[in-house]
Asker: 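Dropping a structure here in structure tokens format, bear with me for questions.
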Amino acid sequence: MSDSIFTKIIKREIPSEIVFEDDEIIAFNDIAPKAPIHILIVPKKQIPTLNNATENDAELLGKLLLTCSKIAKMKGIDERGYRVVINCNEEACQTVFHIHFHLIGGKQLGWSPD
Ligand code: AMP
């Protein structure tokens, strides 16, 4: 599998604004934010889509979700509210085929899939 753009960020081959990193996970600001806070939470393991995650990835997926809530707290939006999104494949508008959670907040969000 060739390196995704997010793997290139992990390897520091392209720049990004990193807000969190540990052995398994990196989080950085989205380059085209949809809200005042729009952070991507990404496993260092390159899993293309949610469909490709297996039982072996269950703990990692849990850690990714918990990292979303930790970063929401770090950014001071945990009590106000925020959204966590995974886009999977074409009709959900997935563009980077390296699984990632979008953490979106910092304003009143609407509720529409459009
Ligand atoms: P998705 O459409 O769910 O695959 O989300 C991919 C996200 O990656 C989009 O919100 C893009 O704006 C974002 N993105 C693409 N390239 C970069 C980059 N180099 N640095 C940060 N975010 C990026």
Side-chain angles (χ1 to χ4, degrees):
M1 194 188 313
S2 61
D3 282 355
S4 73
I5 194 162
F6 293 165
T7 295
K8 290 178 181 167
I9 286 174
I10 291 161
K11 291 180 173 177
R12 307 301 199 269
E13 291 172 2
I14 58 173
S16 68
E17 295 172 2
I18 295 169
V19 298
F20 173 85
E21 185 171 21
D22 67 13
D23 289 347
E24 296 178 287
I25 295 170
I26 192 166
F28 48 88
N29 288 331
D30 195 293
I31 203 167
K34 300 277 191 284
I37 292 172
H38 187 169
I39 294 168
L40 302 175
I41 293 84
V42 181
K44 292 186 175 177
K45 178 180 179 183
Q46 192 172 309
I47 301 167
T49 79
L50 186 56
N51 293 337
N52 303 108
T54 71
E55 291 295 326
N56 291 336
D57 300 312
E59 188 176 343
L60 177 60
L61 291 171
K63 285 182 183 173
L64 286 160
L65 201 48
L66 290 172
T67 301
C68 292
S69 66
K70 281 180 197 159
I71 294 174
K73 189 165 189 174
M74 189 198 314
K75 293 290 179 180
I77 58 168
D78 53 324
E79 294 300 328
R80 291 166 59 191
Y82 58 91
R83 184 167 297 154
V84 174
V85 173
I86 301 176
N87 294 324
C88 182
N89 278 337
E90 189 178 345
E91 287 194 1
C93 305
Q94 184 176 2
T95 57
V96 177
F97 288 83
H98 181 150
I99 195 171
H100 50 283
F101 291 58
H102 295 255
L103 170 64
I104 299 166
K107 69 171 189 178
Q108 178 63 54
L109 300 173
W111 180 228
S112 165
D114 294 333

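We count ligands from 1, going down the list as the structure has it; atoms in each ligand are counted the same way. We count residues from 1, following the sequence as given.
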Asker: Are any of the N/O atoms on I31, whether in the backbone or the side chain, positioned under 3.5 angstrom from an N/O atom of ligand 1?
Answerer: yes
Asker: What do we get for F101 next to ligand 1 when only non-hydrogen atoms under 4.0 Å count, side chain, backbone, both or neither?
Answerer: neither
Asker: Looking only at distances, please establish whether an N/O atom of ligand 1 is found under 3.5 Å from an N/O atom of I9.
Answerer: no
Asker: Give me the residue, atom name and distance of the protein heavy atom closest to atom 4 (O) of ligand 1.
Answerer: T95 N, 2.7 Å
Asker: Just to check, does E17 reach to within less than 4.0 Å of ligand 1 when the distance is taken from its heavy atoms?
Answerer: no
Asker: Quick one: nearest non-hydrogen protein atom to atom 12 (O) of ligand 1, plus distance?
Answerer: D30 OD1, 2.5 Å
Asker: Side chain, backbone, both or neither: which part of L40 comes within less than 4.0 Å of ligand 1 when only heavy atoms are counted?
Answerer: side chain
Asker: So do the side chains of Y82 and I37 get within less than 4.5 Å of each other, counting heavy atoms only?
Answerer: no
Asker: Hey, is F97 touching ligand 1 through its side chain, its backbone, both or neither, going by heavy atoms under 4.0 Å?
Answerer: neither
Asker: Establish whether L40 and L65 are linked, either directly or via other cluster members, by ILVMFWY side-chain heavy-atom contacts under 4.5 Å.
Answerer: no
Asker: What are the atoms of ligand 1, with element, lying closer than 4.0 Å to any heavy atom of F28?
Answerer: 21 (C)
Asker: Indicate, with yes or no, if V42 and I18 share a hydrophobic cluster defined by side-chain heavy-atom contacts under 4.5 Å among Ile, Leu, Val, Met, Phe, Trp and Tyr.
Answerer: yes
Asker: Taking the side chain from K44 and the backbone from D22, do they hold a donor-acceptor pair closer than 3.5 Å?
Answerer: yes
Asker: Heavy-atom distance to atom 16 (N) of ligand 1: which of I5, N87, N29 wins?
Answerer: I5
Asker: Do any N/O atoms on C93 end up under 3.5 angstrom from N/O atoms on ligand 1?
Answerer: yes
Asker: Please work out whether the ring planes of H102 and H38 are parallel, tilted or perpendicular, with thresholds of 30° and 60°.
Answerer: tilted
Asker: At what distance, to the nearest 0.5 angstrom, does CD1 of I104 lie from SG of C68?
Answerer: 10.0 Å
Asker: Do T7 and M1 come close enough that some side-chain heavy atom pair is under 4.5 Å?
Answerer: no
Asker: Counting only heavy atoms closer than 4.0 Å, does ligand 1 sit against the backbone of K34, its side chain, both, or neither?
Answerer: neither
Asker: Just which atoms of ligand 1 are under 4.0 Å from any heavy atom in H102?
Answerer: 1 (P), 3 (O), 5 (O), 7 (C), 10 (O)
Asker: Is any side-chain heavy atom of I41 closer than 4.5 Å to a side-chain heavy atom of L103?
Answerer: yes
Asker: Mind running side-chain contact (heavy atoms from CB on, under 4.5 Å) on H98 and I10 for me, showing each step along the way?
Answerer: CA-CA 12 Å; H98 181 150; I10 291 161; 4.1 Å; yes
Asker: Hey, looking at atom 5 (O) of ligand 1, which of K8, H38, H100 has the closest heavy atom?
Answerer: H100
Asker: Salt bridge check: are K45 and D57 linked by an N-O gap of less than 4.0 Å?
Answerer: yes
Asker: For A32, which part has a heavy atom under 4.0 Å from ligand 1: side chain, backbone, both, or neither?
Answerer: both
